[in-house]
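Here is the structure we will look at.
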Amino acid sequence: METIRMLSTLGLMGAMRSLSSAFEAAHAIHVDADFAPTLALLKRLRDGEAADLVILTREGLDEMISEGRVVAETAADLARSFVGIAVRAGQAHPDIATEAALRTTLLAARSVAYSRLGASGVYFAQLIVRMGIAAEINGKATIVEQGFTAERLVSGEADLAVQQISELKQVDGIEVVGPIPHELQTPAVFSAGRIASAKHAEAADRLLRYLSSPEVVPALRQSGLEP
C-alpha cells in the first residue's frame with residue numbers, strides 16, 4: 001500500500017483521524033499523519049523535513065508557497081475554526097457572551113491556559129492586550145508550549161482553557177463553554193497544499209481533492225470546524 005506523509009496543524013487532528021481512515025479504505029493509500037502547531041510545522045519544513053502534503057493556517061501556507069515549498073496551484077481552503085473557552089466537566093459554565101462578560105470571566109479565573117505556538121494562543125495574547133488585561137491574565141496564566149490546553153483543566157492547573165474549539169474537543173473530561181464572541185475574533189482558515197518536493201505527488205493530490213470535497217463536511221462539523 002502506498003503511503004503519503006502529511007504534516008497537519010493540531011486544529012484538524014480530530015477530523016483527520018476519521019477522514020484518513022475513510023480515504024485509506026477507498027483508495028488503498030495510507031496516510032502517515034503528524035500533528036503539531038502551525039509555527040512548529042513551519043520550522044520543521046524550513047529545516048528540511050520531508051512530506052507530501054501539509055495543512056496549515058492560510059497565512060502559514062501562503063508563507064510556504066512564497067518560499068517555493070508548496071505548489072501554489074494545489075492550495076485549498078478546508079475549514080474555518082473559531083477560538084473557544086472550555087472548563088473541566090461538571091464545572092459551571094461562565095458567561096462569555098459579550099466582551100464585558102468575557103473580561104469579567106477571565107479576570108475571575110484562578111488561571112487561564114493558552115498555547116504559546118498555536119494560532120489561538122497568538123490571537124489570545126493579542127486579545128488580552130486589546131482588552132487591557134494582559135498583565136493580570138499573564139501574571140496567572142498557564143502557558144502551554146504545544147499540545148492541548150484543555151489538558152490543564154483535567155490536571156487542575158487552570159480554570160479556563162483557550163484554544164480552537166476543534167482542539168478543545170480533543171480532550172476528554174472537559175466541556176466547551178462556547179466561542180469567544182465572534183465580533184472579537186477572526187476565524188482561522190486551515191488550508192492544505194502539496195509539498196513541492198513530494199515523492200507521492202499524485203496520491204497527495206487525490207487526498208487534497210477528497211479533503212476539499214463536500215463529503216467531508218459532516219466530519220469537519222462534528223470536530224468543531226466550519227467548512
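Note that this is a predicted model, so its numbers are computed, not measured.
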TODO: State yes or no: do Met6 and Leu45 share one hydrophobic cluster built from I, L, V, M, F, W and Y residues joined by side-chain heavy-atom distances below 4.5 Å, directly or via other members?
DONE: no
TODO: Please check if Leu127 and Ile96 belong to a single hydrophobic cluster, counting links between Ile, Leu, Val, Met, Phe, Trp and Tyr side chain heavy atoms closer than 4.5 Å.
DONE: yes
- [ ] Sort and list the pairs that fulfil side-chain hydrogen bond (donor to acceptor under 3.5 Å, both in side chains) and have at least one residue in residues 143-161, not counting sequence neighbours.
- [x] Arg110-Asp159, Arg116-Glu145, Thr149-Gln163, Ser155-Glu157
- [ ] State, yes or no, whether a side-chain contact exists between Ile137 and Leu107 at a heavy-atom distance under 4.5 Å.
- [x] yes
TODO: Mark yes when over 12 heavy atoms from residues, nucleotides or ligands other than Gln222 sit less than 6.0 Å from its CD; otherwise mark no.
DONE: no
TODO: Check whether any side-chain N or O of Arg103 sits under 3.5 Å from a backbone N or O of Met131 as a donor-acceptor pair, and report yes or no.
DONE: yes
Task: Path from Leu53 to Leu220 over hydrophobic side-chain contacts below 4.5 Å - done: yes
Task: Asp32 bridged to Arg5 by N-O distance under 4.0 Å - done: yes
Task: Full working for salt bridge (Lys or Arg N to Asp or Glu O under 4.0 Å) between Arg130 and Glu99 - done: CA-CA 11 Å; Arg130 211 164 76 219; Glu99 181 173 354; over 6 Å; no
Open item on the list: Minimum heavy-atom separation for Leu153 and Ala158, please, with both atom names.
Closed with: CD2-O, 3.4 Å
Open item on the list: Taking His200's backbone N and O only, do any of them form a donor-acceptor pair with Asp52's side chain (distance below 3.5 Å, no angle check)?
Closed with: yes
- [ ] List the steps, then state whether side chain to side chain contact (heavy atoms under 4.5 Å, CB included) holds for Phe124 with Val83.
- [x] CA-CA 9 Å; Phe124 184 70; Val83 175; 5.7 Å; no
Open item on the list: I'd like to know whether CG of Asp47 has more than 12 heavy-atom contacts from other residues, nucleotides or ligands below 6.0 angstrom.
Closed with: yes
Open item on the list: Under a 3.5 Å distance rule, please check whether Thr105 uses its side chain to pair with a backbone N or O of Asp95 as donor and acceptor.
Closed with: yes
Open item on the list: Applying a strict under-4.5 Å side-chain criterion to I, L, V, M, F, W and Y, I'd like to know whether Leu106 and Val177 cluster together.
Closed with: yes
TODO: Mark yes or no for whether Ser111, through its side chain, and Lys140, through its backbone, hold a donor-acceptor pair below 3.5 Å.
DONE: yes
Task: Ionic contact status for Arg209 with Asp205, cut-off 4.0 Å - done: no
- [ ] If the plane angle is over 60° it's perpendicular, under 30° parallel, otherwise tilted; pick one for His182 and Phe82.
- [x] parallel
- [ ] Could you tell me whether the side chain of Met13 reaches within less than 4.5 Å of the side chain of Ser8, counting heavy atoms only?
- [x] no
Task: Heavy-atom closest contact (Glu175 atom, Gln91 atom, distance) - done: OE1-O, 4.3 Å
Open item on the list: Is the shortest side-chain heavy-atom distance between Val70 and Leu61 below 4.5 Å?
Closed with: yes
